[in-house]
Amino acid sequence: MSSYDVIVIGAGPGGYVAAIRCAQLGLKTAVVEGRETLGGTCLNVGCIPSKALLHASHMLHEAEHNFAEMGLKGKSPSVDWKQMLTYKQSTIDTNTKGIEFLFKKNKIDWLKGWGSVPEAGKVKVGEEVHEAKSIIIASGSEPSALPGVEVDEKVVVTSTGALTLNKVPKKLVVIGAGVIGLELGSVYARLGAEVTVVEFLDAITPGMDPEVQKTFQRTLKKQGMKFVMGAAVQKTEATKTKAKVHYKLRKDDSEHVLDADTVLVATGRKPYVEGLGLEALNVEMTKRGQIAVNGTWQTSVPGVYAIGDVIEGPMLAHKAEDEGMAVAEVIAGKHGHVNYGVIPGVIYTAPEVGSVGETEATLKEAGRAYKVGKFSFMGNARAKANFAGDGFVKILADKDTDRILGAHIIGPAAGELIHEICVAMEFGASAQDLALTCHAHPTYSEAVREAALACGDGPIHM
Ligand code: FAD
Ligand code: NAI
């Protein structure tokens with residue numbers, strides 16, 4: 001039996017970051033991970049592989065659609081899918097090995113295998129039981145099941161199967177117009193698949209700013225993606241190579257069928273707690289199956305903490321990382337803090353979508369007076385030169401104090417631009433603070449400044 005100050009269960013962005021920070025703070029730390037490689041969902045079957053495929057397919061899209069106009073003539077590249085998967089895998093490998101290196105550098109033990117918590121202060125891995133003063137559960141999430149839809153990870157796939165298809169399908173049906181469905185749907189649309197997205201609600205990406213939703217859906221349609229909205233999927237029927245997707249339109253209950261070579265089920269994810277022994281340990285859970293925690297990420301069992309996708313909040317890698325750092329600080333006797341009001345959300349399509357803070361809907365619901373400053377990328381010189389004029393920056397600021405309350409961006413590099421707003425919000429900045437800050441020309445960032453100007457006396461280039 002080995003003894004540790006901290007044992008972390010799960011080496012995803014929550015767990016590995018918590019472990020590194022614990023070690024940096026002088027705590028003897030081990031991580032239990034059952035996968036062959038470190039990095040969790042994010043590095044192995046999530047953020048990183050999907051972004052590699054998004055990057056490669058975006059390059060193809062640029063070559064096919066914009067190169068000739070810029071005077072770059074010649075045959076457009078064709079898709080070597082096997083090589084694209086090799087590129088994706090090497091991106092995963094570099095990143096997962098990077099975490100292994102960081103573990104060695106910080107003297108963190110990797111306890112290989114699946115862990116459970118037989119009692120507070122103890123973690124069982126295989127037949128071995130280890131002692132720990134504090135335990136952090138960071139076991140992540142898994143795809144939710146959809147009644148009537150049987151996943152085989154070959155023809156009917158979750159995001160995990162969609163990242164390793166043996167060929168680019170001719171017809172892809174995506175169930176769910178959320179983040180996974182739209183990111184992976186646009187990968188395959190750019191690679192030549194006919195993509196139809198079937199969504200239960202009347203708008204894509206629930207919870208997002210309605211103007212962004214509309215512009216986003218319009219641009220994805222322009223790129224060839226088809227949408228069936230307000231449709232409840234009833235069941236799928238699959239053979240070894242094909243599938244049928246049966247759905248009912250909510251407006252009139254009419255029944256329809258779509259044919260597909262591949263069906264991607266992307267209707268959300270749920271916390272992964274299997275095999276941890278939480279019931280026997282009497283750990284309190286939320287109604288939605290998440291581990292319940294207090295303000296310092298402690299569960300109902302003293303000395304047992306939980307972070308990341310397995311607790312409530314957005315299922316995002318950076319949210320898990322922030323909680324990982326904060327819980328380590330708490331365990332080390334310091335003050336750990338996460339500002340849940342300033343967690344950006346990014347969708348890595350083209351155009352990208354970035355948002356943070358309040359939406360008009362949440363502000364209206366709270367009865368808060370606000371103003372809107374909006375600027376279109378059509379008025380941004382850099383965006384126009386780069387064929388990226390679709391989209392806008394929208395800043396929401398308090399009507400009386402001018403303090404920035406949120407921002408919603410659709411357009412080029414939105415996933416980078418949003419961080420300027422995050423920093424401003426963390427410092428309690430007003431829209432005028434941003435508007436008075438000199439921004440280099442020509443940059444996409446000028447659109448952020450112009451939106452801030454639009455909260456006051458007005459933008460210059462619109
Ligand atoms: P995870 O990353 O899920 O890691 C949990 C780890 O715990 C796993 O490796 C698992 O094997 C291990 N584990 C579980 N139980 C045990 C046990 N009993 N014993 C030992 N090990 C155990 N988020 C973003 O912010 N940006 C993105 O671009 C993005 N893209 C995504 C794309 C896809 C296709 C998917 C599916 C998700 C994406 N996400 C993205 C979400 C992101 O992956 C998760 O929010 C993030 O991985 C959560 O981190 P975590 O540490 O809580 O859990
Ligand atoms: P999601 O919650 O984003 O979207 C699911 C969609 O499926 C919703 O629009 C919902 O209305 C729809 N839906 C549900 N049931 C349906 C049915 N029966 N028929 C038709 N549509 C139905 O979930 P998704 O896309 O699976 O992603 C899971 C999580 O992964 C997200 O919470 C997200 O945070 C994370 N993620 C983050 C990424 C990023 O940050 N860029 C990328 C990919 C995933």
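All ligand and atom numbering here is 1-based and tracks the order in the structure.
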In this structure, does ligand 1 have an atom that sits under 4.0 Å from one of the heavy atoms of [X]?
X: P143; answer: no
X: V45; answer: yes
X: R269; answer: yes
X: G275; answer: no

Those atoms of ligand 1 less than 4.0 Å from some heavy atom in [X]:
X: G140; answer: 1 (P), 3 (O), 5 (C), 52 (O), 53 (O)
X: Y348; answer: 28 (O)
X: A138; answer: 5 (C), 6 (C), 7 (O)
X: L276; answer: 18 (N)
X: S139; answer: 5 (C), 7 (O), 14 (C), 15 (N)
X: R35; answer: 8 (C), 9 (O), 11 (O)
X: G308; answer: 52 (O)
X: G34; answer: 20 (C), 21 (N)

Less than 3.5 Å apart, any donor N or O on the side chain of H335 or E329 sitting next to an acceptor on the other?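 Absent: no donor and acceptor within the cut-off.
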Establish, from distance only, whether the side-chain atoms of E100 and Y16 form a donor-acceptor pair under 3.5 Å.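 No pair is found: no donor N or O on one side chain lies under 3.5 Å from an acceptor on the other.
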Nearest neighbour in protein (non-hydrogen) for [atom]:
atom: atom 6 (C) of ligand 1; result: E33 OE1, 3.5 Å
atom: atom 28 (O) of ligand 1; result: K51 NZ, 2.6 Å
atom: atom 26 (N) of ligand 1; result: C47 SG, 3.9 Å
atom: atom 13 (N) of ligand 1; result: W114 CZ3, 3.7 Å

Please determine if [X] has a nitrogen or oxygen closer than 3.5 Å to a nitrogen or oxygen of ligand 1.
X: Y272; value: no
X: I307; value: no
X: S50; value: no

| request: Heavy atoms only: give me the nearest V32-G115 pair and the separation to one decimal. | output: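 Heavy-atom minimum between the residues: CG1-N, 3.7 Å.
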Could you list each nitrogen or oxygen of ligand 2 that sits under 3.5 Å from a protein nitrogen or oxygen, with the atom names and the distance?
{"residue": "ligand 2", "atom": "3 (O)", "partner": "V179", "partner atom": "N", "Å": "3.3"}
{"residue": "ligand 2", "atom": "9 (O)", "partner": "E199", "partner atom": "OE1", "Å": "2.7"}
{"residue": "ligand 2", "atom": "9 (O)", "partner": "E199", "partner atom": "OE2", "Å": "3.2"}
{"residue": "ligand 2", "atom": "11 (O)", "partner": "E199", "partner atom": "OE2", "Å": "2.6"}
{"residue": "ligand 2", "atom": "21 (N)", "partner": "F200", "partner atom": "N", "Å": "3.1"}
{"residue": "ligand 2", "atom": "23 (O)", "partner": "G268", "partner atom": "N", "Å": "3.4"}
{"residue": "ligand 2", "atom": "25 (O)", "partner": "V179", "partner atom": "N", "Å": "3.3"}
{"residue": "ligand 2", "atom": "25 (O)", "partner": "I180", "partner atom": "N", "Å": "2.9"}
{"residue": "ligand 2", "atom": "26 (O)", "partner": "G268", "partner atom": "N", "Å": "2.9"}
{"residue": "ligand 2", "atom": "34 (O)", "partner": "M315", "partner atom": "O", "Å": "2.9"}
{"residue": "ligand 2", "atom": "40 (O)", "partner": "V346", "partner atom": "O", "Å": "3.4"}
{"residue": "ligand 2", "atom": "41 (N)", "partner": "E183", "partner atom": "OE2", "Å": "2.9"}
{"residue": "ligand 2", "atom": "41 (N)", "partner": "V346", "partner atom": "O", "Å": "2.7"}

For ligand 1, note which part of [X] has a heavy atom under 4.0 Å away: side chain, backbone, both or neither.
X: S159; answer: side chain
X: I9; answer: side chain
X: S141; answer: backbone
X: I180; answer: side chain

Verify the neighbour count for atom CD of E153: are there more than 12 heavy atoms of other residues, nucleotides or ligands below 6.0 Å?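 More than 12 within 6.0 Å, yes.
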| query | Is atom CD of Q24 surrounded by more than 12 heavy atoms (other residues, nucleotides or ligands) closer than 6.0 Å? | reply |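 Counting other residues, nucleotides and ligands, CD of Q24 exceeds 12 neighbours.
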Disulfide (SG to SG under 2.5 Å) involving C47 - partner list, sequence neighbours excluded:
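In terms of disulfide (SG to SG under 2.5 Å), with neighbours along the sequence ignored, C47 is linked to C42.
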V393/F377 under side chain to side chain contact (heavy atoms under 4.5 Å, CB included): CA gap, chis, key distance, verdict
CA-CA 8 Å; V393 178; F377 279 102; 3.8 Å; yes
request  = Could you tell me whether Y188 and W81 have their ring centroids closer than 6.0 angstrom?
outcome  =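 Centroid separation for Y188 and W81: below 6.0 Å.
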Sequence neighbours left out, what pairs pass ring-ring contact (aromatic ring centres under 6.0 Å, His included) with at least one residue falling in residues 210-235?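 Passing the test, one end in residues 210-235: no pairs.
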Applying side-chain contact (heavy atoms from CB on, under 4.5 Å), name anything that partners A132, two or more places apart in sequence or on another chain.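 With sequence neighbours excluded, A132 shows a side-chain contact (heavy atoms from CB on, under 4.5 Å) to I7, I135, given in chain and number order.
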*Quick one: which of T205, V353, I410 gives a side chain to side chain contact (heavy atoms under 4.5 Å, CB included) with Q213?*
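Output: one option passes, namely T205.
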